[in-house]
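Just the heavy atoms: all of them, side chains too, but no hydrogens, waters or symmetry mates, feed the values below.
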Amino acid sequence: MSDVYLARCAQRDPQGRQKALERLLAQAAPLMVHKKDEIVPVKVTIGDATCVCHMAPRLVKAVVDAVKEKGAKPFLFDTSVIYQGQRQNAVDHLNLAEKKGFSARDIGAPFIVADGVLGQDGREHRLRKPHIATAKIPSFVGYLDSLLVVSHATGHIFSGYAGAVKNVAMGMSCRPTKQVQHSSVTPSIDKEKCTACGCCLRICPAAAIAFGASGKATVDPKACIGCGECLCACKFDAVIVNWEEDMDVFHERMVDVAQFVLAQFKNKFFITLAFDITQECDCISAPKDPMVSRDIGVLASADIVSLDQATADLLTDELGFFKSHPGYKHMLEYADKSGLGSAEYRLVEIG
């Protein structure tokens, strides 16, 4: 049974939320075992351009300050996404981070897009799992000892709940592996958007793409290996990801990827900001999206599964959203069974 720390806070006041986080960080300081001059990656997500309920930069700064107090050298990072928006490439992503207040000037630590300019830079690893054979992960994973993951708790139209496991599984994999986690169905080409530039042909490692009779790219489903490299290469959003997938398979892929990623770090600590909990994740949530739960506060643990389980248990389900999207329960059960962490926890409330 793992400890999950909770600093309750129902205030919408930014200062009140920051004080709750600072109380939690003070209590959890012994678990943040960062050494002097150690480079510490801090996983965050800034939300896309339309999202206004993402994690607040001032809270991220409080986390960064706690790491720097130990003499360590933190940096913020995220990876590019596979859907439309301003985080599909590093240039737009970095500009958005600056605009949203996540610059080194604002936070005190640099923000890095860890999978390169187009989301394809990384190393491929064998997972040998039933639903996902390989994963392409940013290159720094495996070289650094510590990892600090800061997540924003939200709903999710497919997985039901999005927290720390999803933040690691999707947010710490390159775009091709994001695509594989979402769908085992071969990508297809939107003929109207395809400009026949040839980038996807050149990058495809299986030679599964060719120009058809229409002069546009086509994908041979028998030759396609599902690597998702074409998704990175296309600059015109012409590669279509099939988002329809068995929910349990989707969850199990995320757990398998998260388990591999986290196994590469000696020291892990996870913080979840359970404020402004929308029915959509920060990828696509909009300003007018309703809140599906009352604010909870700030939670933290060295066990990612205990943290997600505790957060999910505390959600109040104001609109019945989580009741109608219960898929995350299988994710946490599978995560517990696979050894990613423990679904049993001890809640330690911080006054």
Using distance alone, with no hydrogens and no angle criterion, decide if [X] and [Y] have a side-chain donor and acceptor under 3.5 Å apart.
X	Y	value
Thr79	Arg87	no
Gln181	Asp256	no
Tyr345	Asp313	yes
Thr278	Asp289	no
Glu318	Thr316	yes

Do NZ/NE/NH1/NH2 and the carboxylate oxygens of [X] and [Y] come within less than 4.0 Å?
X	Y	answer
Lys70	Glu38	no
Lys43	Asp78	yes
Lys136	Asp115	no
Asp3	Arg346	yes

Verify same cluster id: [X], [Y] (apolar side-chain graph, 4.5 Å):
X	Y	answer
Leu147	Tyr5	no
Ile112	Val149	yes
Leu127	Met331	yes
Met172	Phe250	yes
Ile107	Val42	yes

Taking every non-hydrogen atom, the tightest pair across [X] and [Y]:
X	Y	result
Pro57	Gly101	CB-O, 3.3 Å
Val52	Pro287	CG2-CA, 3.8 Å
Ser146	Pro41	O-CD, 3.1 Å
Ala162	Gly155	CB-O, 4.1 Å
Pro14	Arg58	CB-NH1, 3.5 Å
Phe270	Ala302	CE1-O, 3.6 Å

Subject >> Option among Arg17, His54, His152 that satisfies the side chain to side chain donor-acceptor pair (under 3.5 Å) test with Asp276 >> reply: Arg17
Under the 3.5 angstrom rule, does the side chain of [X] hit a backbone N or O of [Y] as a donor-acceptor pair?
X	Y	answer
Ser324	Phe321	yes
Lys323	Asp317	no
Asp303	Ser342	yes
Lys193	Phe236	no
Ser306	Glu344	yes
Asp13	Gly16	yes
Arg253	Ala169	no
Asp220	Lys222	yes
Thr311	Leu307	yes
Arg175	Val81	yes

Separation between [atom1] of [X] and [atom2] of [Y], rounded to the nearest 0.5 Å:
X	Y	atom1	atom2	result
Leu340	Asp336	CG	CG	9.5 Å
Asp295	Leu314	CG	CG	12.5 Å
Thr218	Ile209	OG1	CD1	8.5 Å
Leu148	Met32	CG	CE	5.0 Å
Phe275	Met55	CZ	CE	11.5 Å
Ser103	Asn95	OG	CG	11.5 Å

State, with a plain yes or no, whether a side-chain heavy atom of [X] is found less than 4.5 Å away from one of [Y].
X	Y	value
Asp308	Leu332	yes
Cys224	Pro187	yes
Thr272	Val298	no
Asp282	Asp48	no
Pro74	Lys68	yes
Thr134	His125	no
Cys53	Met291	yes
Leu299	Ile271	no

Original post:
Could you walk me through whether Val348 and Val4 pass the side chain to side chain contact (heavy atoms under 4.5 Å, CB included) check?
Top reply: CA-CA 6 Å; Val348 181; Val4 176; over 6 Å; no
Subject >> Step-by-step side chain to side chain contact (heavy atoms under 4.5 Å, CB included) determination, Lys61 to Asp106 >> reply: CA-CA 8 Å; Lys61 185 179 186 306; Asp106 297 317; over 6 Å; no
Would you say [X] has more than 12 foreign heavy atoms packed within less than 6.0 Å of its [atom1]?
X	atom1	value
Ile39	CD1	no
Lys329	NZ	no
Lys191	NZ	yes
Glu349	CD	yes
Arg294	CZ	no

Subject >> Audit row: His251, Tyr328, ring pair (Phe, Tyr, Trp, His ring centres under 6.0 Å) steps and yes/no >> reply: CA-CA 7 Å; His251 283 121; Tyr328 66 90; 8.0 Å; no
**OP:** List the steps, then state whether side chain to side chain contact (heavy atoms under 4.5 Å, CB included) holds for Ile240 with Ile189.
**Re:** CA-CA 6 Å; Ile240 301 171; Ile189 305 296; over 6 Å; no
Subject >> Check: Tyr161 ring centre within less than 6.0 Å of His156 ring centre >> reply: no
**OP:** Answer with yes or no after comparing the ring centroid distance for His93 and Phe111 against a 6.0 Å cut-off, counting only values under it.
**Re:** yes
Original post:
Which class fits the ring pair Phe77 and Phe75: parallel under 30°, tilted 30 to 60°, perpendicular over 60°?
Top reply: tilted
**OP:** Go through Asp190 and Asp237 one step at a time and tell me if the side chain to side chain contact (heavy atoms under 4.5 Å, CB included) criterion holds.
**Re:** CA-CA 8 Å; Asp190 185 329; Asp237 297 322; over 6 Å; no
